[in-house]
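First up is the structure itself, then whatever we jot down about it.
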Amino acid sequence: MTLRRPSLLSGLLMPACLLLALPLLALASSWLSFDATALATLAHQLDTVLPSYALASLQLAVPVAVGVALLGGGAAALVTLLRFPGRDLLEWALLLPLAMPAYVLAYVYTDTLQSSGPLQTWLRAATGATGALWPDIRSLWGAVLLFVLTLYPYVYLLVRTALLERGVALMEAARLLGAGPWRRVLRVALPMARPALAAGVALALMETLADYGVGAYFGLSTFTTGIYRAWLSFGDRHAAAQLATLLLLVVALLVWTERRAQARMRFAVTRSAGTGPEARPARLRGAAALAALAAGLMPVLLGFVLPVLMLLRLVLEEALHGEFGLPWARFGGWARTSLTLAGTAALLAVALALPMAFAARLRSHALLTAGVRLVSLGYAVPGAVIAIGLLLPSGWLQARWPDSQLGTVLTSTSLGLIYAYLVRFSAVALQSLDSGYARLPSSLDESARMLGAAPLRLFGRVHLPLLRRSVLAAALLVFVDVMKELPATLALRPFDSDTLAVVAHQLARDERLAEAALPSLALVLVGLAPVMLLSRAMRRGDSTSI
């Protein structure tokens, strides 16, 4: 039986959902006032930059999709369907590249692999060669490689979960029916993992299209870099809004693909599925086991271990040989700004997501449920799109009331930045809390109702104590995501506040890669927190614990 939601909760949450959806509504409303100027801008973009933006984004997205599918799916099959020495280590180590922001990896590999970098310098000295020994990594193929190395864990995590639940058991059943190894993989494992593979690839593509740091640093003309160029360099709000809308439509298609694939993944599985002795993975020995271990370690080494060592080398060189040493005083200010913004956003996001998840649990008001679902899509919206969605209404307010300073509140104070973080990352907190609620049986609600508990008492006395782990996980995930966020922070930050992500980007852009190493390393260390949370959940066998 469904509990009735109190009117106060509905009255508070509906405006909150509307406020979080304001950037998207602002983009949509910009097309309602489509005049001759906007039409001329669109025609000019179609004749000049739009085809190149679309082509560059497509050339980036397609190989990234293929790469993360092969690497993430192959890694998941390796650790799930096979057993070999070191497999238990690989299960969680393959998640480590999630802690490495793609733009940090770009700075590290550029410093190491460029023509004047230490690797090519050493090779030229050792071999007597001259000139560049390989193409510049600051190119499209270099961006593809970096995105594959940092985003394959999305595919790995989902495919591993799908295979772990039923893959091993069904593979064993196929073996007992006489199917050979390759037939079992092609006819059983791959078709069953296809929805998980599609969902993981869609998530990776959302991150790729939302990226600004790698595209700007490598000089790629993607939709995201084009949005910033249109607004910040040329001040053309029509062009920026049109590009942001086009990018949003592509992301919406990816969201639909990911949700549809996730829905196909939800089949009934008993807790003991795939755990019996007859369902054990195939065991490898000798050279085959060594080859499997080496194959599993390769993305971990390239995507996390070696970049961390390179960052440590740069930090050490700057400390010992830099003109002024490590900038500890300025680093403290950058870290303080990042921690303040991330902590505030995490607390507010959880404070918003808790009543929204509770409202979704009750399901007694269709309009509020629709608003909560709209908020849950916020994470898929690129930071560049959110920034334009906030700058449009602020510009309108400033033009309508020039003496009120209403528009500058969103663009010259931390309030606008926190608002942008909440628009994008409240969905992260909401998803974590929804996962927590999924583990609470509905019988708890029914029992509380029969005992006369009002909805708010049910939330405070029953739900909240049981959701403690999910609340902490939600706050941690939002905190880390805000620490790493670059596009929205670049566009909306006040002039007197720089975060670790912004400083790392600016120093790397100015070719001061050694100075960028310290804030970059700090971001990687912070990013390890959710990775450890994920690995702990995997060891507990609870895929919904975060």
Side-chain angles (χ1 to χ4, degrees), residues 99-112 114 116-118 138 211-218 228 232 304 307-347 383 387 408 410-421 425 476 478-529:
M100 183 72 63
Y103 56 83
V104 171
L105 201 65
Y107 309 153
V108 172
Y109 274 119
T110 296
D111 178 78
T112 304
Q114 64 185 345
S116 59
R138 294 173 67 169
D211 171 78
Y212 174 76
V214 176
Y217 186 58
F218 280 12
Y228 275 86
L232 299 179
F304 183 79
V308 168
L309 293 177
M310 296 171 193
L311 284 173
L312 290 173
R313 176 186 65 81
L314 287 172
V315 170
L316 186 61
E317 285 185 358
E318 185 68 13
L320 297 179
H321 307 297
E323 184 177 356
F324 302 104
L326 292 176
W328 289 115
R330 288 184 296 157
F331 175 80
W334 305 329
R336 184 165 54 252
T337 300
S338 295
L339 293 173
T340 301
L341 291 172
T344 303
L347 291 176
T408 59
L410 294 178
T411 57
S412 61
T413 68
S414 296
L415 179 62
L417 198 51
I418 293 293
Y419 182 21
Y421 292 151
F425 299 122
L476 175 62
V478 174
F479 181 87
V480 173
D481 278 335
V482 171
M483 290 284 290
K484 297 190 295 184
E485 171 62 26
L486 181 60
T489 310
L490 273 173
L492 299 171
R493 77 190 192 283
F495 290 110
D496 58 345
S497 60
D498 286 327
T499 65
L500 291 171
V502 168
V503 168
H505 171 73
Q506 291 176 333
L507 291 174
R509 182 191 58 190
D510 296 338
E511 299 301 329
R512 297 158 64 185
L513 292 170
E515 297 177 58
L518 183 59
S520 298
L521 185 60
L523 290 173
V524 174
L525 294 178
V526 170
L528 281 175

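Values in this document were obtained by computation on a predicted structure and should not be read as measured data. Note that these values count all heavy atoms, side chains included, but never hydrogens, waters or copies made by symmetry.
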Under a 4.5 Å cut-off applied to non-hydrogen side-chain atoms, are [X] and [Y] in contact?
X    : Y    : value
V478 : V482 : yes
R493 : T337 : no
M483 : L339 : yes
L518 : E318 : no
L320 : E317 : no
L521 : L312 : yes
S414 : L341 : yes
L513 : Q114 : yes

Identify the two heavy atoms, one from [X] and one from [Y], that lie closest to each other, and give their separation to 0.1 Å.
X    : Y    : answer
A501 : K484 : CB-O, 4.1 Å
L500 : A522 : CD1-CB, 4.0 Å
A529 : L476 : CB-CD1, 3.7 Å
A508 : A516 : N-CB, 4.0 Å
F331 : P519 : CE1-CA, 4.1 Å
V480 : G527 : CG1-CA, 3.8 Å

* To do: Could you give me the CA-CA distance, side-chain angles and deciding distance for E515 and V503, then say whether side-chain contact (heavy atoms from CB on, under 4.5 Å) is met?
  => CA-CA 9 Å; E515 297 177 58; V503 168; over 6 Å; no
Drop me the distance from [X]'s [atom1] to [Y]'s [atom2], to the nearest 0.5 angstrom.
X    : Y    : atom1 : atom2 : result
M310 : L314 : CE    : CG    : 9.5 Å
D498 : H505 : CG    : NE2   : 11.5 Å
Y421 : D481 : OH    : CG    : 11.0 Å
D211 : L486 : CG    : CG    : 8.0 Å
L347 : F479 : CG    : CZ    : 10.0 Å

* Audit row: R313, D111, side-chain contact (heavy atoms from CB on, under 4.5 Å) steps and yes/no -> CA-CA 11 Å; R313 176 186 65 81; D111 178 78; 3.0 Å; yes
* I would like to know whether Y419 and L492 meet side-chain contact (heavy atoms from CB on, under 4.5 Å); could you show each step before the answer? => CA-CA 10 Å; Y419 182 21; L492 299 171; over 6 Å; no
* Only one of V104, L105, L523 clears side-chain contact (heavy atoms from CB on, under 4.5 Å) with L311; which? -> V104
* To do: Starting from the C-alpha separation in whole Å, work towards a yes-or-no answer on side-chain contact (heavy atoms from CB on, under 4.5 Å) for Y212 and T489.
  => CA-CA 11 Å; Y212 174 76; T489 310; over 6 Å; no
* Asked: If we ignore angles and hydrogens, is there a donor and acceptor under 3.5 Å between the side chains of Y103 and S520?
  -> no
* Y107 and Y217 aromatic ring geometry - parallel, tilted or perpendicular at 30°/60° bounds -> perpendicular
* R509 atom CZ: more than 12 heavy-atom contacts under 6.0 Å -> yes
